[in-house]
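Okay, structure first, notes after.
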Amino acid sequence: MEALFTTQYPVAKADYVSAGKASQDIKRRLKQLGIGGDVLRRVAVASYEVELNLVIHSEGGTLTLTLYPDCVELNSVDVGPGIADVSMAMREGWSTANDEARALGFGAGMGLPNMKRNADDFSIQSELGKGTVIDMRFHLPGWQGEQT
Amino acid sequence: MTIKDMADILSAKVLIGADKLDIPVHTACCSDLMSDVLAFVDEKTVLITGLTNPHVVRTSEMLDLKCLVFARGKIPAEDILESAEEQGLAVLATKLTAFTACGMLYEHGLRGVPVPTAWDDGEEDG
């Protein structure tokens with residue numbers, strides 16, 4: 001299905017001041033495009049979590065928002081360092097965040113599980129030394145199912 | 001209870017949202033851990049916190065929260081308040097500690113947001 005709208009946000013490593021601004025913009029844009037209610041809230045929460053993860057844990061990366069007629073996609077790609085043990089990282093309460101992130105109220109080890117909970121479809125691929133890719137999809141009313 | 005009732009009970013200053021004082025509130029949560037707030041709060045509720053960084057306001061925007069209450073006399077910086085105003089939040093500040101503020105609001109009938117726990121036994125907190 002053809003994308004109605006797509007935009008990319010570069011997210012810098014350790015930029016705690018700006019962290020979350022891409023997600024604010026994502027939420028505001030989707031709202032302008034007529035997305036609301038529960039889906040908008042779930043996209044916003046997952047977007048904020050993944051953006052914070054890029055700032056706290058990655059060497060930097062890109063967050064991409066794509067709107068299709070029947071779903072919203074969020075895609076996060078970073079340039080490293082990759083996650084040593086993805087199954088551990090998916091556990092609630094498991095975190096490697098530093099003190100700076102914790103002082104801001106993050107690093108409780110809820111980020112990845114919370115993304116998974118909020119997205120209708122969630123996938124993560126990570127390779128140590130290379131980077132991490134997270135794809136999330138949020139179904140809109142009229143969701144047509146997986147397109148081949 | 002309304003936001004105005006909360007402000008009266010807490011002897012709070014209304015920093016932002018004097019036009020929102022009639023909004024009803026039924027539940028609240030109290031945390032300095034935005035990770036937990038993002039993970040567990042599913043309602044358009046009130047957040048009582050001691051943190052005054054921009055992430056409190058950004059987290060509130062993501063969750064469509066109605067009202068922020070800063071405890072222990074803390075007042076956030078002007079740019080944080082401007083951001084709260086932009087997104088239509090009401091913001092209160094009280095001299096009370098978070099513990100006392102929660103206790104007083106609870107005493108007046110406000111209850112905690114239902115939150116699932118890792119050892120959920122079907123009973124809700126609050």
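Just so it is clear, the structure is predicted and the values come from calculations on it, not from any experiment. Chain letters run A, B, ... following the sequence lines, proteins first, then strands; residues in each count from 1.
Taking the charged nitrogens against the carboxylate oxygens, A:R28 and B:E86 do have a contact shorter than 4.0 Å, which makes a salt bridge.
Scanning both residues, A:G107 and B:S35, for their nearest heavy atoms gives N-OG, 3.4 Å. Between A:K27 and B:E61, the closest heavy-atom pair is NZ-O, 2.6 Å. Considering every non-hydrogen atom in both A:R117 and B:A39, the closest pair reads NH2-O, 3.6 Å. Taking both residues in full, the closest heavy atoms of B:L38 and A:V45 are given as O-CG1, 3.6 Å, listed atom of the first, atom of the second, then distance.
When the side chains of ILVMFWY residues are joined at heavy-atom separations under 4.5 Å, either directly or via intervening members, A:M110 and B:L63 end up in two distinct hydrophobic clusters. With hydrophobic clusters built from ILVMFWY side chains whose heavy atoms lie under 4.5 angstrom apart, B:M104 shares a cluster with B:V46. Linking ILVMFWY side-chain heavy atoms closer than 4.5 Å, directly or via other members, places B:V56 and A:Y16 in a single hydrophobic cluster. By the criterion of side-chain heavy atoms lying less than 4.5 angstrom apart, applied directly or through intervening Ile, Leu, Val, Met, Phe, Trp or Tyr residues, B:V113 is not grouped with B:L68; the two fall into different hydrophobic clusters. In the hydrophobic cluster analysis, where Ile, Leu, Val, Met, Phe, Trp and Tyr join through side-chain heavy atoms closer than 4.5 angstrom, A:L65 is grouped together with B:M62.
B:H55 and A:F106 have perpendicular rings, their planes meeting at more than 60° on a 0 to 90° scale where under 30° would count as parallel.
For B:L33, the parts sitting under 4.5 Å from any heavy atom of chain A are the backbone and the side chain alike. Contacts between B:D64 and chain A at a heavy-atom distance below 4.5 Å involve backbone atoms as well as side-chain atoms. When heavy atoms are compared at a cutoff of 4.5 Å, A:V43 does not approach chain B at all. Proximity to chain A is absent for every atom of B:T49, based on heavy atoms less than 4.5 angstrom apart. Looking at B:T52, neither its backbone nor its side chain comes within 4.5 Å of chain A, counting heavy atoms on both sides.
Ranked by heavy-atom pairs under 4.5 Å with chain B, the list A:P113, A:S47, A:G20, A:A108 is led by A:A108. Interface check for chain B: of the options A:K21, A:R102, A:R42, A:M115, the most heavy-atom pairs under 4.5 Å are formed by A:K21.
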*Check the pair B:K44 / A:R41 against side chain to side chain contact (heavy atoms under 4.5 Å, CB included), numbers first and verdict last.*
CA-CA 10 Å; B:K44 296 180 179 180; A:R41 188 179 157 96; 4.2 Å; yes
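Heavy atoms of other residues, nucleotides or ligands lying less than 6.0 angstrom from CZ of A:F5 number more than 12. The environment of B:D22 atom CG is sparse: at most 12 non-hydrogen atoms of other residues, nucleotides or ligands sit within 6.0 angstrom. For B:K13, the NZ atom sits in a loose shell: 12 or fewer heavy atoms of surrounding residues, nucleotides or ligands are nearer than 6.0 Å.
Atom CG of A:L104 and atom OG1 of B:T59 lie 10.0 Å apart (nearest 0.5 Å).
B:R58 places a side-chain N or O within 3.5 Å of a backbone atom of A:A19 that can act as its donor or acceptor partner.
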